[in-house]
Amino acid sequence: MTRIYIAGHRGMVGSALVRVAKQRGYSEILTRTHQELDLLNSQEVDKFFAVEKPDWVFLAAAKVGGIYANDTYRADFLLENLKIQINVIESAYKHNASKLLFLGSSCIYPKNAPQPIKETDLLTSELESTNEPYAIAKIAGIKLCGAFNSQYGTNYISVMPSNLYGIGDNYHPENGHVLPMLLRRFHEAKLNNDQTVTVWGTGKPKREFLFADDMAEACFYLMENYQAADIGELINIGTGEEISIRDLAYLIKKVVGYEGEIVFDTTKKDGTMLKKMDVSRLEKLGWKYKLTLEEGIRETYNDFINNPDVRL
Ligand code: GFB
């Protein structure tokens with residue numbers, strides 16, 4: 001039976017990977033909390049791999065956050081993500097993991113990349129400043145996986161998801177991503193009978209959103225059916241559909257049932273204006289997303305309401 005290690009299992013993507021692994025019948029699923037295994041500590045990581053010897057590794061552990069967190073904690077985002085990636089990828093090699101899936105992000109692509117963004121657009125022009133440290137760390141992870149594959153014949157796959165949302169997201173009032181932050185803000189405005197809800201920026205930027213459990217299905221689909229050689233250096237995972245932040249806000253307003261007004265705080269940064277990905281390569285490999293954005297937001301809102309601890 002394949003022994004699977006899911007690094008970052010308590011995060012939104014990691015917990016979706018655990019759910020999907022169980023649904024697909026995997027029984028040897030290794031997970032460690034931050035207290036049990038500090039992924040920033042190379043000795044601890046090496047010892048874990050030496051003892052547990054996982055066959056497959058899903059590297060979903062990372063320091064993540066929205067535009068404000070990325071732009072504020074620039075050194076932390078670069079340093080911690082480089083350390084996590086180097087420790088896990090090197091130990092996977094040293095202890096003969098047969099396959100590894102590395103989770104990147106659509107923010108690795110140039111801020112003015114032609115739309116929809118293709119995998120070949122990587123490093124063709126400058127990055128978006130607000131999340132450049134995170135993007136550089138993720139690009140380094142992609143390049144490290146590719147370098148191991150070329151020098152040592154390993155089978156490491158790098159996947160680039162669009163903006164993700166879903167069960168167990170981070171609802172931090174400052175450091176979260178746009179969708180969970182707006183969901184929480186509209187919910188609290190409804191409870192408090194607030195007249196208005198503020199949305200950051202102009203509302204003009206567009207984003208592509210993928211439900212985390214759809215993303216987890218795509219990860220297992222690729223790991224079960226393809227090798228790194230079939231996929232190339234990286235592959236986009238998304239819906240290929242985009243929505244403006246403004247329209248997203250009105251959609252969330254509808255799902256939450258908030259009756260007040262929406263105002264835009266243009267003193268806050270917009271970040272990248274467009275981030276729609278070309279997902280045709282993944283579709284050719286036989287995978288397509290399931291949940292529409294409205295269905296996904298409704299499921300996420302139910303999780304938010306029924307699990308108050310996600311708001312911590
Ligand atoms: O999810 P988000 O913070 O990050 O989306 P990015 C930011 C966009 O949503 C900007 C607008 O245009 C913001 O102005 N926005 C509106 C808000 N209201 C809010 C709000 O209340 N909170 C937030 N956070 N944004 C991230 C990268 O970029 O994309 C990460 O920073 C990662 O590293 C992620 O790559 C996928 O989409 O701009």
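First listed ligand is number 1; within each ligand, the first listed atom is number 1.
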task = Answer side chain, backbone, both or neither: which part of H177 comes under 4.0 Å from ligand 1, heavy atoms only.
result = both

task = Say whether K275 and ligand 1 are in contact under the criterion: heavy-atom distance to a ligand atom below 4.0 Å.
result = yes

ask   = Do K206 and I245 have side chains that get closer than 4.5 Å, going by heavy atoms?
value = no

ask   = To the nearest 0.5 Å, how far apart are NZ in K276 and CD in E241?
value = 7.0 Å

Proximal atoms of ligand 1 relative to D270 (non-hydrogen, under 4.0 Å) = 10 (C), 12 (O), 14 (O)

message = Using a 4.0 Å cut-off to any heavy atom of P205, which atoms of ligand 1 qualify?
response = 12 (O)

Y171 and F304 aromatic ring geometry - parallel, tilted or perpendicular at 30°/60° bounds = tilted

query = What are the atoms of ligand 1, with element, lying closer than 4.0 Å to any heavy atom of R185?
reply = 20 (C), 21 (O)

task = Hey, could you give me the CG/NZ distance between N131 and K111, rounded to the nearest 0.5 Å?
result = 11.0 Å

inquiry  = Looking at K118, I want to see if its NZ is surrounded by more than 12 non-hydrogen atoms of other residues, nucleotides or ligands under 6.0 Å.
reply    = no

key: Atoms in ligand 1 flagged as close to N70, the criterion being non-hydrogen separation under 4.0 Å   = 27 (C), 30 (C), 31 (O), 33 (O)

ask   = How far apart are the C-alpha atoms of R19 and D213, what are their side-chain angles, what is the distance that settles it, and do they pass the salt bridge (Lys or Arg N to Asp or Glu O under 4.0 Å) test?
value = CA-CA 8 Å; R19 278 195 297 275; D213 284 67; 2.7 Å; yes

Proximity flag R207 to ligand 1, non-hydrogen atoms under 4.0 Å = yes

query = W200 vs Y68 aromatic rings, parallel, tilted or perpendicular, using cut-offs 30° and 60°?
reply = perpendicular

Atoms of ligand 1, numbered as shown, that sit under 4.0 Å from any heavy atom of M181 = 21 (O), 22 (N), 23 (C), 24 (N)

ask   = Just how far is it from atom CG of L78 to atom CD of E132, taken to the nearest 0.5 Å?
value = 9.0 Å

inquiry  = Taking distance alone, with N or O pairs closer than 3.5 Å, would you say C107 contacts ligand 1?
reply    = no

inquiry  = Under 4.0 Å from a heavy atom of G66: which atoms of ligand 1 are those, numbered in the order shown and with their elements?
reply    = 3 (O), 31 (O)

ask   = So is there a nitrogen or oxygen of Y134 less than 3.5 Å from a nitrogen or oxygen in ligand 1?
value = no

ask   = Based purely on interatomic distance, does S162 place a nitrogen or oxygen under 3.5 Å from a nitrogen or oxygen of ligand 1?
value = no

request  = Measure the acute angle between the ring planes of H187 and Y301, then classify it against the limits of 30° and 60° as parallel, tilted or perpendicular.
outcome  = perpendicular

ask   = Considering distance alone, does some N or O of S106 sit under 3.5 Å from an N or O of ligand 1?
value = no

task = Pull out every atom of ligand 1 sitting under 4.0 Å from any heavy atom of S105, numbered as shown with elements.
result = 32 (C), 35 (O), 36 (C)

ask   = What part of I67 sits under 4.0 Å from ligand 1 if we count only heavy atoms: the side chain, the backbone, both or neither?
value = both

task = Quick one: sort the Y93 and F148 rings into parallel, tilted or perpendicular, breaks at 30° and 60°.
result = tilted

ask   = Between V178 and ligand 1, which residue portion shows a heavy-atom distance shorter than 4.0 Å: side chain, backbone, both, or neither?
value = both

